[in-house]
2 protein chains.
Amino acid sequence: MPARVVAGGKENSVETPVESTRERLLNVAEQRFGEGGYEGTSLRAITVAAAANIAAVNYHFGSKEALLRAAVARAMAPVNTERRRRLDQLEAAGTPSAEQLIRAFVEPGLDLVLRRGERGAVVARFIGRIAFDPSQRIRELYVAESDPIEARYLAALRLALPHSAPEAVAFGYVNMLGLLALHQSQALTPAPGGVELEDPGKLAENLIAFLVAAFDRGLRA
Amino acid sequence: MPARVVAGGKENSVETPVESTRERLLNVAEQRFGEGGYEGTSLRAITVAAAANIAAVNYHFGSKEALLRAAVARAMAPVNTERRRRLDQLEAAGTPSAEQLIRAFVEPGLDLVLRRGERGAVVARFIGRIAFDPSQRIRELYVAESDPIEARYLAALRLALPHSAPEAVAFGYVNMLGLLALHQSQALTPAPGGVELEDPGKLAENLIAFLVAAFDRGLRA
DNA sequence: CTCTGATTCAAACGATCGTTTGAACTATGC
DNA sequence: GCATAGTTCAAACGATCGTTTGAATCAGAG
């Protein structure tokens, strides 16, 4: 099969840059692993959707897990870059407040859902799903990408909340990570009884306000 | 094989009441589904650990999914009973505050981890895991058990927070569900960089304080 | 045009999956 | 002791899994 395959495997009236097999595999892997989790997604499901031969996974990546690792690294890179840029900027201007830090950490993750179209939502769901996969081995793929910048944010939050115990700030911090992952994976809708939640466009503001209140007033001294 | 099998499949010096095959399957299913998720857990892994024949699953439950359904119903029953009892009690005494409602909802779930020994922690992890399984079909097994009492709690929270928009209270509520599930499944430790969190014995108090602050001050009007 | 490296292919492998089946065993009632 | 229902067993099935293999195709350099 020639490399010239229209994006998404379907003809469209505007010819878009052709994805390589490797890129199609990564794109579909993100989508399917996000939807079904690692164990609930087979290589055959991925390769069929990517219009690729099943052996292509082993050729380009080495194994199923290596495909996942590559997808996680690719997905996390821009989010971590943006978090790092914003933290550098904040720290250059003085000691950031808890709200500034929470915002700088949360917004890059939620922008995926809210501002990057369908692809952004796919990436966000993928990241949220892998961050809390049942298997520690899989979660470690996420941790490897995120721990350095996350440790910096935790340290900065501690400085921003001098009246709270360091362990309490750490407690708040992992709650923030957990909630962010759940929102990224769009796992928190609908509410019990099917009641609508808030306007999705305001998710970032609502989550940030929720977290800021919890950090400012809900951590022990 | 006779029915007289010591608990846990190992000899011990004190003979405990003999579990039936059905009970051993449910106990091991809770543990293994909690650790690995539904798709990451095979029937053979469960039946080997339960010292049972693989056909016993189909005989007692009908299918792998039916085994899971039975385990979820069994695990949720006491938690929901306690939540219902506490809500009835609160409403009999007047209009409960947000803190009282959060406490009445969260404590039964966390008591599993904190006060019911190893078995309680296994059940908590199981519930937390299934509540946010990637597959909607699996999550619905949890929803079927919990939606009625959860809908009552949401309604009561709205009464307790008259200055917050109803959708905002619903937003807070699903965040509470998500955080509770993460803590039950013990998915939020350790913190980035391996920093220790709070004293596990204080998890309930810490989580409740965190949530109360978020509900009281972090929801939009 | 030829050669070489990159890439894709169809087919197959061994392993494991969930489910089914007929036989054997156990417990209980008469 | 016998009959019956409940329960467990070993074995097998068809399907799917991730990985491997040798062949074929494609792209690019000389």
Side-chain angles (χ1 to χ4, degrees), chain A residues 1-9 17-30 32-33 35-72 130 133-135 137-138 141, chain B residues 1-9 17-30 32-33 35-72 130 133-135 137-138 141:
Chain A
M1 175 186 290
R4 185 167 294 282
V5 173
V6 294
V18 173
E19 291 176 304
S20 68
T21 301
R22 186 175 191 281
E23 287 167 333
R24 293 200 313 280
L25 286 170
L26 284 170
N27 289 340
V28 174
E30 276 178 351
R32 295 305 182 97
F33 284 138
E35 287 166 354
Y38 181 73
E39 292 288 350
T41 304
S42 69
L43 281 184
R44 281 173 171 77
I46 292 174
T47 54
V48 162
N53 189 272
I54 191 151
V57 174
N58 296 83
Y59 178 85
H60 288 285
F61 302 98
S63 66
K64 181 183 181 184
E65 187 174 311
L67 167 62
L68 176 65
R69 177 181 301 112
V72 171
I130 297 306
D133 190 87
S135 164
R137 180 189 186 90
I138 299 303
L141 303 183
Chain B
M1 175 187 291
R4 185 166 293 282
V5 175
V6 295
V18 172
E19 290 176 305
S20 68
T21 301
R22 185 176 191 279
E23 287 167 334
R24 294 202 311 283
L25 286 170
L26 284 169
N27 289 339
V28 173
E30 277 178 349
R32 293 305 178 97
F33 285 137
E35 287 166 356
Y38 181 72
E39 292 290 349
T41 305
S42 68
L43 281 182
R44 282 176 170 76
I46 293 174
T47 54
V48 163
N53 188 272
I54 190 151
V57 175
N58 295 83
Y59 179 83
H60 289 285
F61 301 100
S63 66
K64 181 183 180 185
E65 186 174 312
L67 167 62
L68 176 66
R69 178 181 301 111
V72 171
I130 297 305
D133 190 88
S135 164
R137 180 188 187 88
I138 299 305
L141 302 183

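Heavy atoms only: backbone and side chains are in, while hydrogens, waters and symmetry mates are out. Throughout, protein chains are lettered first and strands after them, A, B, ... in sequence-line order, and every chain is numbered starting at 1.
In terms of heavy-atom proximity, A:Ser63 sits nearest to A:Val57 at O-CG1, 3.9 Å. Between A:Arg22 and A:His60, the closest heavy-atom pair is CB-ND1, 4.0 Å.
The interatomic distance linking A:Phe61 (CZ) with D:dG18 (P) rounds to 15 Å, in whole Å. Residue B:Glu19 contributes atom CD, which lies 16 Å from atom P of D:dT7 at whole-angstrom precision. Rounded to whole angstrom, the span from the CD atom of B:Glu23 across to the C1' atom of D:dT7 amounts to 15 Å. If you take CD of B:Glu39 and C1' of D:dT16, they are 12 Å apart, rounded to a whole angstrom. Whole-Å rounding puts the B:Arg22 CZ to D:dT7 P distance at 10 Å. The CG atom of A:Leu68 sits 12 Å away from the P atom of D:dG18 (whole-angstrom rounding).
Inter-residue side-chain proximity for A:Arg69 and A:Phe61 is flagged as unmet; no heavy-atom pair is nearer than 4.5 Å. Contact of the A:Asn27 side chain with the A:Arg24 side chain is not registered, since no non-hydrogen atoms from C-beta on lie closer than 4.5 Å.
Checking D:dT7, C:dG18, C:dA11 against every side-chain atom of B:Arg44, the shortest atom distance belongs to C:dG18. Of the candidate nucleotides D:dG18, D:dA11, D:dT8, D:dG18 has the atom nearest to the side chain of A:Leu43. Of the candidates C:dC9, D:dC9, C:dG18, C:dG18 carries the atom nearest the B:Lys64 side chain, counting heavy atoms from C-beta on. Nearest nucleotide to the side chain of B:His60, out of C:dT19, D:dT7, D:dT20: D:dT7. The side chain of B:Tyr59 lies closest to D:dT7, out of D:dT7, C:dT21, C:dT8.
Contact check, A:Thr21 against C:dT8: a side-chain N or O comes under 4.0 Å of OP1 or OP2. Considering only side-chain N and O atoms, B:Asn53 lies nowhere under 4.0 angstrom from the phosphate OP1 or OP2 of D:dT7. Distances shorter than 4.0 Å separate none of the side-chain N or O atoms of B:Asn58 from OP1 or OP2 on C:dG18.
A residue-by-residue look at A:Gly62 and A:Ser42 shows that A:Ser42 has its nearest nucleotide of DNA chain D further toward the 5' end. Heavy-atom distances to DNA chain D give each of B:Ala56 and A:Ile54 a nearest nucleotide, and the one nearer the 5′ end belongs to B:Ala56.
Side-chain atoms of A:Arg32 do not come within 3.5 Å of backbone N or O of A:Ile46 as any donor-acceptor pair.
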